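Only one structure is covered here, and it is reproduced in the block below.
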Amino acid sequence: MPQKPNLSSGVGYLAIPGPSVMPEAVLNAMHRPAPNIYAGELPEMMPGIVADLKRVARTDGEVALYIANGHGVWEAALSNVIGPGDKVLVPSTGHFGQGWAGIARGLGAEAQVIDFGKAAGMDMAQIADALMADTAHQIKAVLAVHVDTSSSVRNDIAALRATLDDVGHPALLMADCIASLGCDVFEMDAWGVDVMVTACQKGLMVPPGMGFVFFNDKAAEMRAAMPRVSEYWDWTRRANPQDFYQYWDGTAPTHHVYGLRTALDMIHAEGIEAVWARHATLARAIWAACDAWATKGSLRVNIADPGQRSHAVTALRLEAPQATALRDWTAQQVGLTLGIGLGMAAPGDPAWHGFFRLGHMGHVNGHMIMGLLGGIEAGFKALGIAHGGGALSAAAEVIGGA
Ligand SMILES: *Cc1c(COP(=O)(O)O)cnc(C)c1O
């Protein structure tokens, strides 16, 4: 029998949950000689970028810009409002909640973690109990991950605000929207979020390297009451610069700024609400396919309740070691790179090979999602992995019926 041809040449799809697929227009905008950082186009672009970032976050508050990834803005945000000996409450629904708590501890804070596991959203009653037990109001901030990219749970941030208000607790509400911004519906001001952190390499479609901290007046007051804040992390001047170098506290990430300008143009040309609707429909197509596959064999969506699932990322379970075998096959044979099962089991543990994730954040459309699902189904067939039928047709119905 002739050898089977390899089918991976062509445009690949990096379907990992960040960095996401970068639009050609963004990459092309970055391909240029170094711009002047003292005068001209680059400094002149900044006020528009700041305004357009706030439009994505749905806030009239302030935004500080950093050359940093998500971990960097975790620290930047906390550094402005949390110091040694302070206390924070972390309702954790996966790897990233634990990660933010770790950054807080590194800054000398006490992090009280409520661990809700890796397969469901926050339970507001338990959070209310923890807040009510804090009669002296020692908890200065609640650190909430909107979409935990490891479990793919989407938490109800508006309900968390209501929980704080109901028990009359004054803690700041800080949200990590690194995975969700520009994918899942997020309304900073309407939901009463005091501080929001995000980074540029997921829904914002720019190569990794910039992070953003949004904050409101209440958070600015807490910053003003801090005995000291690292000059580099201080958000005050970055959000109110008198000069271009103050936006980034030093040399700007020149080429990234051009990429971001183009990405924001694309988001606002489509319209943020249309961007949310696109992600919602594409996510439903993925879930419809997964439901069909799950009628036979071991594939399961990690988050059982569709109301708690992110529209940016989907974590899946598939009997070990099949998840790893599937990822290897799709990458090598059809040019489709699926995400690892981050934080669900320790690397080295055989269970590690029983999880994978689909990134569907940012620059993704209907045919890419159909290709993603088709590539997975081809892998099931090649590897003899048991699965129910009708998945592609179920997904096509969602996309066709949208
Ligand atoms: C990606 C991600 C992070 C970490 O961002 P890095 O840029 O990798 O440091 C933190 N939180 C969430 C929810 C994420 O998705």
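Counting starts at 1 for both ligands and their atoms, following the listed order. These numbers come from a predicted model, not from an experiment.
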Seminar exercise, completed: Near I178 (heavy-atom distance under 4.0 Å), the atoms of ligand 1 are 1 (C), 2 (C), 3 (C), 10 (C), 11 (N), 12 (C), 14 (C)
Exercise. To which protein heavy atom is atom 15 (O) of ligand 1 closest, and what is the distance rounded to 0.1 Å?
Worked result: T149 OG1, 2.3 Å
Seminar exercise, completed: of all protein heavy atoms, closest to atom 8 (O) of ligand 1 is H71 ND1, 4.0 Å
Exercise. Are R161 and D194 ion-paired here, with the side-chain N under 4.0 Å from a carboxylate O?
Worked result: yes
Problem set entry | Min heavy-atom dist D176 to ligand 1 below 4.0 Å | yes
Exercise. Relative to ligand 1, is W100 under 4.0 angstrom through side chain, backbone, both or neither, heavy atoms considered?
Worked result: neither
For this session: Report yes or no: is the cationic atom of K202 (NZ for Lys, CZ for Arg) closer than 6.0 Å to the six-membered ring centre of F96, at no more than 45° off its axis?
Result: yes
For this session: Any atoms of ligand 1 less than 4.0 Å from a non-hydrogen atom of V145? List them with their elements.
Result: 13 (C)
Problem set entry | Salt-bridge contact E273-R58 (side-chain N to carboxylate O under 4.0 Å) | yes
Exercise. So which protein heavy atom does atom 5 (O) of ligand 1 come closest to, and at what separation?
Worked result: G70 CA, 3.4 Å
Exercise. Can you find a side-chain donor-acceptor pair between D184 and H146 that sits under 3.5 Å?
Worked result: no
Problem set entry | Aromatic W287 / basic R309 pairing, under 6.0 angstrom, 45° off normal | yes
Problem set entry | Numbered atoms of ligand 1 (with element) below 4.0 Å of A179, judged on heavy atoms | 15 (O)
Exercise. Hey, does H146 sit under 4.0 Å from ligand 1 if you only count heavy atoms?
Worked result: no
For this session: With heavy atoms under 4.0 Å as the rule, classify the contact between V147 and ligand 1 as side chain, backbone, both or neither.
Result: backbone
For this session: Give me the one residue out of T314, I340, L316 that meets side chain to side chain contact (heavy atoms under 4.5 Å, CB included) with R357.
Result: I340
Exercise. With backbone taken as N, CA, C and O and side chain as the heavy atoms from C-beta onward, which portion of A199 lies under 4.0 Å from ligand 1: side chain, backbone, both, or neither?
Worked result: neither
For this session: Look at atom 3 (C) of ligand 1 and say which protein heavy atom is nearest, naming residue and atom and giving the distance to 0.1 Å.
Result: F96 CE2, 3.4 Å
Problem set entry | Under 3.5 Å: N/O of Q201 near N/O of ligand 1 | yes
Exercise. Does R261 come within less than 4.0 Å of D265, counting only side-chain N to carboxylate O?
Worked result: yes
Exercise. Can you tell me the protein heavy atom closest to atom 1 (C) of ligand 1 and the distance?
Worked result: K202 NZ, 1.4 Å
Exercise. Looking only at side chains, do D115 and S92 share a donor and an acceptor under 3.5 Å apart?
Worked result: no
Problem set entry | Intermediate values then yes/no, side chain to side chain donor-acceptor pair (under 3.5 Å), H95 and K118 | CA-CA 8 Å; H95 183 75; K118 297 168 180 171; over 6 Å; no
